[in-house]
2 protein chains.
Amino acid sequence: MTVKTKTASGYGLRVSDHRVDESGDSDKRSPTARRMRADAVKNRARILAAAEEIFATEGVSVPIDRVAEKAGLGVGTLYRHFPTKEALFEAIVVARLETLLETVKAQREATDAGEALFSFLRAIAGQASAKRDLFEALGSAGIDIKSQCSEMMDEMKRNVDVLRQRAVDAGAMRSDVSTEEMFGLVMGACQASEHAGSEAASQRMVEIVCDGLRSPTATPLPGRTS
Amino acid sequence: MTVKTKTASGYGLRVSDHRVDESGDSDKRSPTARRMRADAVKNRARILAAAEEIFATEGVSVPIDRVAEKAGLGVGTLYRHFPTKEALFEAIVVARLETLLETVKAQREATDAGEALFSFLRAIAGQASAKRDLFEALGSAGIDIKSQCSEMMDEMKRNVDVLRQRAVDAGAMRSDVSTEEMFGLVMGACQASEHAGSEAASQRMVEIVCDGLRSPTATPLPGRTS
DNA sequence: TACTATACGGAACGTGCGTTCCGTTTGTCA
DNA sequence: TGACAAACGGAACGCACGTTCCGTATAGTA
């Protein structure tokens, strides 16, 4: 994941008392661990909200103090909840990826293989457009995405690859483009539209990529309908 | 242009004795100024070569010491030749842009409007593929490209826009995509291919974008041939 | 060969930023 | 309400990196 700043790398993660992020989100916790104090719960949520907005608009490289400030909290508090800037970022990206993962899985039910794939690509763009954080993370190909993210990315890729293969088989998409490349193109499209600002622009850009992905020359294999 | 690191901004450019980069490149110099010492000329070239390679492979955010090291020189020397990291980067990008500018202009002579545009897009990709520096610069839309670069970019955009308009008129390209968006898409394609590494991959990616740009629905206007 | 302007090298400086530390505040529970 | 663990705030720390400074080396010249 490697947050842009070089500094972040190789500092050694702190080993202090983060009883917070035991597994899932917000509130649920194993019976042994004590209950989180009410203010802590609220503040954690604030941090996530602030980070989400700031990372989205200004990219991952914003100083963490800005996030703390936006949340109306001190940096210390922020670090009590997330041991690392990267951990905070990851928490946000994971949430987004979860949404996308659901979308992919839903599309596996679709009958039109081509539409299934392309509408998923549009969904990615929807999640990523004007969210610098996301496409900074994904655009860099997940080469160095870590831990939770990397597992999710793998799962996502597997799922998307199914969609892709079906679309290829159905003759709805050219066969010489890998899933990674597809991701890259879509992220590129998002980035291309960033300056335009509007969500509409990014959808238009993605549409262009989709058009490029449909193999204009290949004709649907005989014997298949969708 | 804004080299990634925040630190770079707002330092105030040094005003010291840079009699070096009077106007153009390497050697030519106004008659009044003294001649550069031979070692200085050689070292300047070394710096440029080292920077070109390092920026290309590792992006603009590499520490400047790395460049100096690669050139086999001290940082002080480097700063004697280029007052700022940004200035060094600019010198390199300008050279690339010049090449591209020539290419655009050459394409204005072409008869096939569509091919003229698309082969220029391929040329951009050729210059940018595996050159992180360039598409970090261009991909970020030239929003904050400065000085020389910004003028060149403007000139480039004007020229490309001519190609684009012709292609649209000839029915070889959809009409709802701006020149900036086109750039963005091509840069995105380059980035998408970066992981694949091969130049071939990036050409394939660009081809996809080109396919997307040809308006699949629009039919050529009657009365035009190319 | 000696002299000097020019150029070089690299230690040192300043800043931004991630992270840590610790004294203070506050929610929770009896 | 009092006691105490939990949580907070923000000053302080350390590092990376851009840039500057200045003592030393050397090309050019007479």
Side-chain angles (χ1 to χ4, degrees), chain A residues 1-20 29 33-47 51 54-55 58-89, chain B residues 1-20 29 33-47 51 54 58-69 71-89:
Chain A
M1 180 163 306
T2 306
V3 166
K4 199 60 85 335
T5 339
K6 299 280 162 151
T7 325
S9 59
Y11 267 171
L13 298 186
R14 195 150 60 110
V15 206
S16 48
D17 54 339
H18 285 273
R19 65 159 59 79
V20 166
R29 145 191 22 276
R34 205 98 49 94
R35 168 107 135 273
M36 248 171 97
R37 251 168 59 172
D39 54 348
V41 174
K42 186 190 63 189
N43 285 340
R44 187 186 162 90
R46 273 195 189 186
I47 293 170
I54 286 214
F55 283 155
E58 313 196 28
V60 251
S61 56
V62 289
I64 211 154
D65 312 36
R66 301 272 321 275
V67 176
E69 188 191 26
K70 173 132 202 153
L73 300 168
V75 262
T77 305
L78 195 151
Y79 274 94
R80 164 161 287 269
H81 287 280
F82 300 91
T84 263
K85 185 186 185 183
E86 206 168 305
L88 172 57
F89 182 49
Chain B
M1 182 161 306
T2 306
V3 166
K4 197 63 86 336
T5 339
K6 299 279 165 150
T7 324
S9 57
Y11 266 173
L13 298 187
R14 194 150 62 108
V15 206
S16 47
D17 54 340
H18 285 273
R19 65 161 59 78
V20 167
R29 145 189 20 276
R34 203 97 48 94
R35 169 107 137 273
M36 248 172 99
R37 250 168 59 171
D39 53 348
V41 173
K42 188 189 63 186
N43 285 339
R44 187 186 160 89
R46 275 195 186 186
I47 293 170
I54 287 215
E58 314 196 29
V60 251
S61 56
V62 289
I64 211 154
D65 310 36
R66 300 274 320 277
V67 176
E69 187 190 27
L73 299 169
V75 262
T77 306
L78 195 150
Y79 274 94
R80 164 163 286 269
H81 288 279
F82 300 91
T84 261
K85 185 185 183 184
E86 208 169 302
L88 172 56
F89 183 49

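Atom set for the values below is all heavy atoms of this structure, side chains included, hydrogens, waters and symmetry mates excluded.
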Inset, instruction - Look at B/H81 and C/dC8 and indicate whether a side-chain polar atom (N or O) is within less than 4.0 Å of OP1 or OP2. - result: yes
Inset, instruction - Please state how far atom CZ in A/R66 lies from atom P in C/dG16, giving the value in whole angstrom units. - result: 14 Å
Inset, instruction - Decide yes or no for A/R46 and A/H81: does some side-chain heavy atom of the first lie under 4.5 Å from some side-chain heavy atom of the second? - result: no
Inset, instruction - Check every atom of C/dA5, D/dT19, D/dG9 against the side chain of B/R37 and return the nucleotide holding the closest atom. - result: C/dA5
Inset, instruction - Name the closest nucleotide to the A/D39 side chain, picking from D/dA7, D/dG18, C/dT19. - result: D/dA7
Legend entry - Spacing of A/L78 atom CG relative to D/dA7 atom P, expressed in whole Å: 15 Å
Inset, instruction - Using only side-chain N and O atoms of A/T77, determine if any of them is under 4.0 Å from OP1 or OP2 of D/dG9. - result: yes
Inset, instruction - Could you grab the distance from atom NZ of B/K42 to atom CE of B/M36, nearest 0.5 Å is fine? - result: 11.5 Å
Legend entry - Between C/dG9 (P) and B/R80 (CZ): distance, integer Å: 11 Å
Legend entry - Euclidean distance, atom CG of residue B/D65 to atom C1' of D/dG18 [Å, nearest integer]: 8 Å
Inset, instruction - Please state whether the phosphate of D/dA7, meaning OP1 or OP2, lies under 4.0 angstrom from any side-chain nitrogen or oxygen of A/N43. - result: no
Inset, instruction - Starting from P on D/dT19, measure out to CD1 on B/I47 and report it in whole angstrom. - result: 14 Å
Legend entry - Of the listed nucleotides D/dT20, D/dC17, C/dC8, the one nearest the side chain of B/P63: D/dC17
Inset, instruction - Hey, could you give me the CD1/CD distance between B/I54 and B/E69, rounded to the nearest 0.5 Å? - result: 7.5 Å
Inset, instruction - Would you tell me if any nitrogen or oxygen in the side chain of B/T84 comes within less than 4.0 Å of OP1 or OP2 on D/dT19? - result: yes
Legend entry - Value in whole Å for how far the C1' atom of C/dA7 lies from CZ of B/F82: 15 Å
Inset, instruction - Would you mind reading off the distance between B/I64 atom CD1 and D/dT20 atom P, rounded to a whole angstrom? - result: 11 Å
Legend entry - Between OG on residue A/S61 and NZ on residue A/K85, distance to nearest 0.5 Å: 6.5 Å
Inset, instruction - Specify the separation, in whole Å, of atom NZ of A/K85 and atom C1' of C/dG18. - result: 8 Å
Inset, instruction - Report yes if some heavy atom in the side chain of B/L73 is under 4.5 Å from a heavy atom in the side chain of B/I47; otherwise report no. - result: yes
